[in-house]
Amino acid sequence: MRGWLIALVAATGLAATWAPVAAVEPKRETIEADISTRNVSVGSDFSGTRVVVFGTVENSRQISADDLLYDVAVVIVGPREGLVARRKGNVAGLWINTSSFRFRDVPSYYAVISTRPVKDIASRPILWQHGVGFDNMRIVPDESIGARDAEQYRSAVVRVKKQQGLYREEPRGVAFMGRSLFRASVDLPANISVGEFTAWVYLFEKGDLITTYKTRLGLQRDGFENALHGFAMGYPLLYGIAAVSLALLAGFAATWVFKRN
């Protein structure tokens with residue numbers, strides 16, 4: 001039998017070769033994440049709410065949460081809007097608006113929650129590319145101006161938005177629970193704009209961005225506020241007439257009450 005096998009190999013020109021088995025590369029990490037509530041109703045009694053962003057790192061190589069192998073940054077961006085920033089100056093002893101600068105595309109809400117300060121997570125070019133952190137968020141100017149003045153106006157916008165509670169930063173707001181699960185919470189204030197919000201989750205390892213995940217959050221007017229907003233947007237002339245009429249009626253009613261008394 002062995003002779004037949006040797007003859008067959010020789011006749012067909014086949015040759016046996018040995019090849020090393022290739023090493024199996026570990027699977028790359030991915031993220032699966034979600035928000036505790038996808039839709040938030042905003043009514044007249046809305047006083048703000050808190051949402052929770054939670055997720056897992058698939059194919060995690062951490063042994064436990066204490067390994068600190070990964071960094072996670074969660075960025076929540078609200079609907080964008082136009083905005084005018086004004087600068088006050090002393091004119092004849094009076095502080096008045098002396099100049100202004102218009103921005104075309106400003107996030108109405110911006111929150112960044114991370115495992116540690118974002119500047120310690122990755123390099124500035126990587127953070128800038130993805131808009132992670134206040135220094136790297138996208139604020140588009142609507143006119144040409146010097147770089148120094150533009151940065152001053154931009155800083156003023158961020159400062160005012162922070163004071164209003166609309167721009168938030170939690171440098172240690174993301175926590176790992178075990179080797180792969182993570183969790184973060186963020187507050188949405190009462191003065192937040194309604195519309196569609198985008199939540200981005202970024203996974204870093206030793207300064208390198210591994211993967212990202214994107215999900216949505218919607219804030220919608222509810223009840224009477226929704227009907228009133230729809231009327232105002234759909235029939236602005238009638239809405240204006242109705243508003244003026246109600247104001248006049250309220251004035252006449254107040255005058256009549258005071259005269260009676």
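Keep in mind that what you see is a predicted model, and the values were worked out from it rather than measured.
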Would you mind writing out the side-chain donor-acceptor pairs for residues 195-203 within the sub-3.5 Å range, not counting sequence neighbours?
{"residue": "Glu196", "atom": "OE1", "partner": "Arg216", "partner atom": "NH1", "Å": "3.2"}
{"residue": "Thr198", "atom": "OG1", "partner": "Arg216", "partner atom": "NH1", "Å": "2.8"}
{"residue": "Tyr202", "atom": "OH", "partner": "His130", "partner atom": "O", "Å": "3.2"}

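For the residue pair Ser41 and Phe46, the shortest heavy atom distance occurs at O-CD1, 3.9 Å. Closest heavy-atom contact between Leu127 and Ala122: CD1-O, 3.6 Å. When every heavy atom of Ile210 is checked against every heavy atom of Arg28, the shortest pair comes out as CG2-NH2, 3.7 Å.
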TODO: Check step by step if side-chain contact (heavy atoms from CB on, under 4.5 Å) holds for Tyr110 and Val75.
DONE: CA-CA 7 Å; Tyr110 182 91; Val75 178; 3.6 Å; yes
TODO: Kindly determine whether Ile121 and Arg116 satisfy side-chain contact (heavy atoms from CB on, under 4.5 Å), including the steps that lead there.
DONE: CA-CA 7 Å; Ile121 291 179; Arg116 55 189 176 128; 3.8 Å; yes
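Counting heavy atoms from C-beta on, the side chains of Pro189 and Tyr109 come closer than 4.5 Å. Arg80 places none of its side-chain heavy atoms less than 4.5 Å from the side chain of Val106. At least one side-chain heavy atom of Arg61 sits under 4.5 Å from a side-chain heavy atom of Leu69. Two residues are said to be in side-chain contact when any heavy atoms from C-beta on lie closer than 4.5 Å; Asn39 and Gln220 meet this criterion.
Under a hydrophobic-cluster definition in which Ile, Leu, Val, Met, Phe, Trp and Tyr are linked whenever side-chain heavy atoms come within less than 4.5 Å, directly or via other members, Val158 and Val118 are assigned to the same cluster.
Taken from CG in Asn136 to NZ in Lys119, the straight-line distance is 12.5 Å, to the nearest 0.5 Å. Here Ile192 contributes atom CD1 and Leu219 contributes atom CG; the two are 5.5 Å apart, rounded to the nearest 0.5 Å. The distance from atom OG of Ser60 to atom CZ of Phe176, rounded to the nearest 0.5 Å, is 6.5 Å. Separation of atoms OG1 (Thr56) and CD (Glu32) is listed at 8.5 Å; rounding is to 0.5 Å. How far CG of Leu217 is from OG1 of Thr37: 7.0 Å, rounded to the nearest 0.5 Å. Residue Ile139 holds its CD1 atom at 9.0 Å from OG of Ser155, rounded to the nearest 0.5 Å.
Considering Val186, Val53, Val72 in turn, Val186 is the only one that fulfils the side chain to side chain contact (heavy atoms under 4.5 Å, CB included) rule with Ile113.
Side-chain N or O atoms of Tyr213 include none that pairs as donor or acceptor with a backbone N or O of Thr30 at under 3.5 Å. Side chain of Ser108 to backbone of Pro79: a donor-acceptor contact under 3.5 angstrom is found. A donor-acceptor pair under 3.5 Å links the side-chain atoms of Arg138 to the main chain of Trp128, judged by distance alone. For Asp71 (side chain) and Thr115 (main-chain N/O), no donor-acceptor pair under 3.5 Å exists by modelled atom type. At least one donor-acceptor pair closer than 3.5 Å links the side chain of Arg124 to the backbone N or O of Asp135.
Screening residues 153-182 for salt bridge (charged side-chain N to carboxylate O under 4.0 Å, His left out) gives Glu81-Lys161 as the qualifying pairs, with residues at least two apart or on separate chains.
Residues satisfying the ring pair (Phe, Tyr, Trp, His ring centres under 6.0 Å) criterion with Tyr70, sequence neighbours excluded, are absent altogether. With sequence neighbours left out, Tyr153 forms a ring pair (Phe, Tyr, Trp, His ring centres under 6.0 Å) with Phe101. Not counting sequence neighbours, Glu58 has no partner by the salt bridge (Lys or Arg N to Asp or Glu O under 4.0 Å) test.
Clustering of Ile, Leu, Val, Met, Phe, Trp and Tyr by side-chain heavy atoms under 4.5 Å joins Phe54 with Val52.
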